[in-house]
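Okay, so here's the structure we're looking at.
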2 protein chains.
Amino acid sequence: MGSLADYIEEYIKRLFQEATRDVIEIQRSQLAKMFGCVPSQINYVLSTRFTVENGYIVESRRGGGGYIRVIKINRRALPDVSAMIADGLGDALTEAEADRMLDRLQDLGLITEGERLSAKAVLSRELTGIPRELSPLVRARLLRGILTLILRQ
Amino acid sequence: MGSLADYIEEYIKRLFQEATRDVIEIQRSQLAKMFGCVPSQINYVLSTRFTVENGYIVESRRGGGGYIRVIKINRRALPDVSAMIADGLGDALTEAEADRMLDRLQDLGLITEGERLSAKAVLSRELTGIPRELSPLVRARLLRGILTLILRQ
DNA sequence: GAGGTGAAGGTCAAAGAAGGTCAAAATTTC
DNA sequence: GAAATTTTGACCTTCTTTGACCTTCACCTC
C-alpha cells in the first residue's frame with residue numbers, strides 16, 4: 001500500500017461512501033490535476049481497480065461536459081455455484097461440451113428447460129458465419145454471457 | 001450531466017412532461033437567447049438528442065412566424081422495433097455503438113437500467129482477452145444474444 | 001403580382017473540451 | 001535480476017460550442 005494508484009483508488013472509494021447512490025462521477029483531468037499526475041493514470045486505476053470482477057462498471061463520455069461515471073454493481077445475488085460454473089467454463093468449447101454443460105445445469109435445477117433451449121437457440125444463431133477456428137472461443141464467451149444473464153436474478 | 005446541450009435537452013423533455021399531447025413547439029432564437037447560446041446550438045441538440053432513433057420527429061418552418069415542432073413517437077408501436085433492432089444490429093460493433101444501443105433501448109423503456117448494466121458487464125467481461133481485431137465481431141454476437149434473451153419475455 | 005424586406009430557421013466547418021490508447025520508462029516485488 | 005506493476009507522454013477519437021453564411025417565408029409596397 002502506498003502507490004499513487006492506491007491513493008487514487010482510495011479516494012474514489014471514499015467518494016462512494018459519501019454518495020447516496022452507488023454511482024459517482026469524476027472528471028479525469030481534474031482528478032489528475034488533484035493528484036498531480038497525468039490523466040491516463042486515472043484510466044490505469046479504473047481499469048485495474050474498478051473492473052467488473054471487482055463489482056464496478058465504468059462509463060464515460062468525451063467532449064465538452066465529459067465525465068467518467070463509476071457504478072457499483074450489486075452482486076449479492078450471484079450464487080457461488082453459478083460463479084463457479086461461469087468461471088470454470090473455460091475459454092473454448094465444442095458444441096458437444098456446451099450441450100453437456102446446459103444439460104447438467106438443467107439437471108441441477110439451475111436453469112429451466114425453456115432457458116436451456118433458448119440458450120441453445122442463441123448459441124446456434126450467433127455462431128453462424130463465424131470462422132470454424134473461432135467457434136469454440138466465441139461459443140464459450142456467448143455461453144458464459146448467457147448463463148450470467150440467466151443466473152443473475 | 002453537465003454540458004449546455006444536456007440542459008437544453010432536459011428543458012425540452014420537461015416541456016413534454018408539461019404538455020398534454022406528445023407535441024411541443026419552440027422558437028429557436030428565443031430558446032437560444034434563454035440559454036445564452038447561438039441558435040445553431042439548438043439544432044445541435046435536436047439533431048443529436050431528438051432523433052428518430054430516440055423516438056422523436058422534428059419539423060420546422062422558416063420565415064416570419066416560424067417554429068420548430070418536436071413530436072414524440074408513439075410507444076405502442078415499439079415491440080417490433082426491438083426485434084428489428086436485434087436483427088439489424090449488424091456483424092460488428094464498437095464499444096461506443098454497443099453502449100449507444102443499450103442506452104437507446106433503455107430510453108425506449110425496452111430494457112431496464114439493471115438489464116442495461118448487466119449487459120454491459122457481460123460484454124466487458126467476455127471481451128477481455130479477445131484479440132483486438134475480433135472484438136467488434138464477438139461484441140455484436142454477444143449483444144445480439146443478450147438482447148434476444150432479455151427481449152424474449 | 002413582382003419585388004423587396006425582415007424575421008425566422010438551416011448548414012457546415014473550425015475551434016475547443018473532454019476522455020482513450022498504447023507502449024516505453026521507471027519502480028517495486030519476489 | 002526477472003517479472004509484475006505503476007507511471008508517463010505522445011498521439012487519437014469523440015462530443016460540444018461557436019460563427020459565418022445560406023434559405024425560406026409572410027408581408028408590404030408599387
Side-chain angles (χ1 to χ4, degrees), chain A residues 1-12 24-51 53-54 57-71, chain B residues 1-12 24-51 53-54 57-71 92-101 103-104 120 123-124 127-136 139:
Chain A
M1 272 297 164
S3 74
L4 178 53
D6 291 332
Y7 295 136
I8 297 176
E9 175 187 4
E10 248 178 73
Y11 175 78
I12 294 178
I24 59 126
E25 254 173 44
I26 57 182
Q27 293 222 284
R28 191 179 78 145
S29 53
Q30 184 240 304
L31 196 53
K33 195 170 293 172
M34 181 169 155
F35 281 94
C37 62
V38 293
S40 55
Q41 175 76 321
I42 308 301
N43 296 81
Y44 175 71
V45 173
L46 291 172
S47 62
T48 55
R49 272 62 164 177
F50 295 87
T51 63
E53 285 79 12
N54 291 336
I57 287 178
V58 177
E59 296 180 330
S60 66
R61 214 170 77 188
R62 306 185 185 192
Y67 58 79
I68 296 180
R69 182 181 295 157
V70 188
I71 302 162
Chain B
M1 277 288 170
S3 71
L4 178 54
D6 291 332
Y7 297 136
I8 298 175
E9 175 188 4
E10 246 178 76
Y11 176 77
I12 294 177
I24 59 126
E25 257 174 41
I26 58 183
Q27 293 222 286
R28 192 179 77 146
S29 53
Q30 183 241 307
L31 234 193
K33 195 170 293 172
M34 179 169 156
F35 281 94
C37 63
V38 294
S40 56
Q41 175 77 313
I42 307 302
N43 296 82
Y44 175 72
V45 173
L46 291 172
S47 64
T48 55
R49 319 311 215 234
F50 295 88
T51 63
E53 289 191 337
N54 289 336
I57 290 176
V58 176
E59 296 177 336
S60 66
R61 216 165 80 189
R62 308 185 185 191
Y67 59 82
I68 296 179
R69 182 181 296 156
V70 187
I71 303 165
L93 276 186
T94 65
E95 188 175 354
E97 287 169 333
D99 279 353
R100 236 175 287 134
M101 171 145 283
D103 283 347
R104 216 163 71 212
K120 285 200 64 160
L123 279 181
S124 122
L127 281 168
T128 58
I130 294 270
R132 221 155 203 304
E133 64 276 17
L134 289 180
S135 302
R139 185 180 292 113

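Order of the sequence lines fixes the chain letters, A, B, ..., with proteins taken first and strands second; residue numbering starts at 1 for each chain. The structure presented is a predicted model; accordingly, all values stated were derived computationally and were not measured.
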Rounding to a whole Å, what distance do you find between [X]:[atom1] and [N]:[atom2]?
X: A:Glu9; N: D:dT5; atom1: CD; atom2: P; answer: 14 Å
X: A:Asn43; N: D:dT8; atom1: CG; atom2: C1'; answer: 13 Å
X: A:Arg69; N: C:dG19; atom1: CZ; atom2: C1'; answer: 14 Å
X: B:Gln30; N: C:dG9; atom1: CD; atom2: C1'; answer: 14 Å
X: B:Glu59; N: C:dG10; atom1: CD; atom2: C1'; answer: 16 Å
X: B:Arg100; N: D:dT13; atom1: CZ; atom2: P; answer: 15 Å

*Counting only N and O atoms by type, is there a donor-acceptor contact under 3.5 Å from the side chain of B:Thr51 to the main-chain atoms of B:Thr48?*
no

_Donor-acceptor contact present, side-chain B:Ser3 to main-chain B:Asp6, <3.5 Å_ = yes

_Just to be sure I understand the rule, does B:Ile42 reach a base, reach only the sugar-phosphate, or reach nothing, if contact means heavy atoms closer than 4.0 Å?_
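No contact at all - B:Ile42 keeps every heavy atom at 4.0 Å or more from the nucleic acid.
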
*Taking only the side-chain heavy atoms of A:Gln41 (C-beta and beyond), determine which of D:dT7, C:dT21, C:dG9 contains the nearest atom.*
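Closest of the options to the side chain of A:Gln41: D:dT7.
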
*Between D:dT8, D:dT17, C:dG19, which one does the side chain of A:Ile68 approach most closely?*
C:dG19

*Between B:Ser40 and A:Ser40, name the one whose nearest nucleotide on DNA chain C is closer to the 5' end.*
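With B:Ser40 and A:Ser40 compared, the 5'-side residue is B:Ser40.
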
_Closest non-hydrogen atom pair, A:Ala5 against A:Tyr44_ =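 For A:Ala5 versus A:Tyr44, the nearest heavy atoms are CB-CE2, 4.1 Å.
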
*Between D:dT6 and A:Arg49, is there an OP1 or OP2 to side-chain N/O distance shorter than 4.0 Å?*
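Checking D:dT6 against A:Arg49, a side-chain N or O does come within under 4.0 Å of OP1 or OP2.
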
*Which of these, B:Gln27, B:Arg28, B:Met34, sits in a side-chain contact (heavy atoms from CB on, under 4.5 Å) with B:Ile42?*
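Looking at B:Gln27, B:Arg28, B:Met34, the match for B:Ile42 under the side-chain contact (heavy atoms from CB on, under 4.5 Å) is B:Arg28.
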
Distances under 3.5 Å only, N/O to N/O: pair up the protein atoms with those of nucleotides 5-8 of chain C.
{"from": "C:dA8", "atom 1": "O4'", "to": "B:Gly63", "atom 2": "O", "distance (Å)": "3.3"}
{"from": "C:dA8", "atom 1": "N3", "to": "B:Gly63", "atom 2": "N", "distance (Å)": "3.2"}

*With DNA chain D as reference, determine whether B:Leu4 or A:Tyr44 sits nearer its 5' end, using the nearest nucleotide of each.*
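Mapping each residue to its closest nucleotide by heavy atoms, the 5'-most match is A:Tyr44.
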
